[in-house]
Visitor: 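Submitted below is the structure of interest, expressed as structure tokens.
Computed over heavy atoms, backbone and side chain alike; hydrogens, waters and symmetry mates excluded.
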Amino acid sequence: MHRHAGRRSRNRRTARIILCAGLLGLGACAGLAPPRTAEPAPGAVEALNGLVQRTCNRQVASVLAGEGIPVEQFRAAVYSELRTGPGGRVSQYEIWLYAKDKPGVLIVNTDETCRPMQIYTREGGSLQAFKAR
């Protein structure tokens, strides 16, 4: 009986750590807001369609307009689908936008219905560098 008492205490400690980590994660995410959106500039959706044909292009163009980022500066675009659950259904889309003359990549993340969730950069890019001057 003495052996199991230590194990029970360890399990409670582990459960508390997991609970705290989960609550901290929720608190950290609570401050995130979706990106600004605006009516896409004339020809912006068509420009994205010229790079890659996907159903979320209108919403992505709207995010770019809301952030003041011209679509014309991109040379390539690649979509990825994030899948979850036992059926592997699409839960999110990401579009990676590669600029013609800037380092890094701009990423727009949407949910499964193409609702914008966030915008960020990778590979040495900065959001400010992508914005119109």
Side-chain angles (χ1 to χ4, degrees):
M1 185 143 148
H2 180 65
R3 266 187 311 184
H4 297 293
R7 187 180 309 159
R8 192 173 358 179
S9 174
R10 206 169 331 143
N11 288 343
R12 285 183 183 158
R13 240 185 327 215
T14 303
R16 273 190 235 128
I17 290 170
I18 291 170
L19 178 62
C20 288
L23 291 175
L24 285 173
L26 286 175
C29 294
L32 292 178
R36 293 180 296 255
T37 59
E39 185 62 31
V45 177
E46 292 77 16
L48 277 176
N49 286 339
L51 298 173
V52 63
Q53 293 273 333
R54 292 302 286 254
T55 58
C56 293
N57 280 355
R58 176 151 186 72
Q59 291 85 346
V60 170
S62 177
V63 168
L64 296 176
E67 294 291 334
I69 300 171
V71 176
E72 300 76 32
Q73 72 177 303
F74 299 106
R75 63 178 168 77
V78 176
Y79 267 90
S80 64
E81 298 175 344
L82 305 170
R83 297 179 174 272
T84 58
R89 71 173 184 81
V90 173
S91 62
Q92 295 179 27
Y93 295 101
E94 284 184 341
I95 182 169
W96 289 52
L97 297 158
Y98 297 88
K100 295 175 184 173
D101 61 354
K102 293 179 180 68
V105 60
L106 180 77
I107 301 163
V108 178
N109 182 258
T110 71
D111 69 8
E112 72 276 5
T113 64
C114 297
R115 185 177 42 224
M117 294 172 33
Q118 64 179 324
I119 184 171
Y120 59 98
T121 61
R122 288 257 173 105
E123 299 178 9
S126 87
L127 198 55
Q128 199 58 37
F130 284 103
K131 294 189 180 206
R133 296 170 197 179

Visitor: Working to the nearest 0.5 Å, report the span between OG1 of T113 and CD of Q92.
Guide: 11.0 Å

Visitor: Looking only at non-hydrogen atoms, find the nearest pair between K131 and P70 and report the distance.
Guide: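 That closest heavy-atom pairing would be C-CD, 4.5 Å.
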
Visitor: Supply the atom-to-atom distance T121 OG1 to Q128 CD, rounded to the nearest 0.5 angstrom.
Guide: 11.0 Å

Visitor: Are I69 and L97 side-chain neighbours, meaning at least one heavy-atom pair lies under 4.5 Å?
Guide: no

Visitor: Would you call Y79 and N57 a side-chain contact if the rule is heavy atoms closer than 4.5 Å?
Guide: yes

Visitor: Looking at residues at least two apart in the chain, or sitting in another chain, which of them share a side chain to side chain donor-acceptor pair (under 3.5 Å) with E39?
Guide: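 So E39 forms a side chain to side chain donor-acceptor pair (under 3.5 Å) with R58.
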
Visitor: Using the rule that Ile, Leu, Val, Met, Phe, Trp and Tyr join whenever any side-chain heavy atoms are under 4.5 Å apart, tell me whether L51 and Y93 fall into a single cluster.
Guide: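 Yes: a chain of side-chain contacts under 4.5 Å links L51 to Y93.
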
Visitor: Under 4.5 Å between side-chain heavy atoms, counting indirect links through other Ile/Leu/Val/Met/Phe/Trp/Tyr residues: same cluster for L82 and L106 or not?
Guide: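 No.
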
Visitor: Does R75 use its side chain to pair, donor to acceptor, with the backbone of K100 at less than 3.5 Å?
Guide: no

Visitor: Can you see whether E123 engages Y98 through a side-chain donor-acceptor pair at a distance of less than 3.5 angstrom?
Guide: no

Visitor: So, applying side chain to side chain contact (heavy atoms under 4.5 Å, CB included) with P116, which one of S62, P35, C56 is it?
Guide: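 When side chain to side chain contact (heavy atoms under 4.5 Å, CB included) is applied between P116 and each of S62, P35, C56, only P35 qualifies.
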
Visitor: Are V90 and V52 connected, step by step, through hydrophobic side chains (Ile, Leu, Val, Met, Phe, Trp, Tyr) whose heavy atoms are closer than 4.5 Å?
Guide: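 Result: yes, single cluster for both.
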
Visitor: Could you report the tightest heavy-atom contact between R122 and I107, atom names first, then the distance?
Guide: CG-CD1, 3.4 Å

Visitor: Can you tell me how far CE of M117 sits from CD of E94, rounded to the nearest 0.5 angstrom?
Guide: 9.0 Å

Visitor: Kindly indicate, with the supporting measurements, whether the criterion side-chain contact (heavy atoms from CB on, under 4.5 Å) is fulfilled by V63 and T110.
Guide: CA-CA 10 Å; V63 168; T110 71; over 6 Å; no

Visitor: With a 4.5 Å cut-off on side-chain heavy-atom distances among I, L, V, M, F, W and Y, is there a chain of contacts connecting V78 to L48?
Guide: no

Visitor: Please work out whether the ring planes of F130 and F74 are parallel, tilted or perpendicular, with thresholds of 30° and 60°.
Guide: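 The rings of F130 and F74 lie parallel, inter-plane angle below 30°.
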
Visitor: I need the minimum non-hydrogen distance between R83 and G88, along with the two atoms involved.
Guide: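 That closest heavy-atom pairing would be NH1-O, 2.7 Å.
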
Visitor: Using side-chain heavy atoms (C-beta onward) and a distance below 4.5 Å, is I95 in contact with R54?
Guide: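 They are not in contact (no side-chain heavy atoms under 4.5 Å apart), so the answer is no.
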
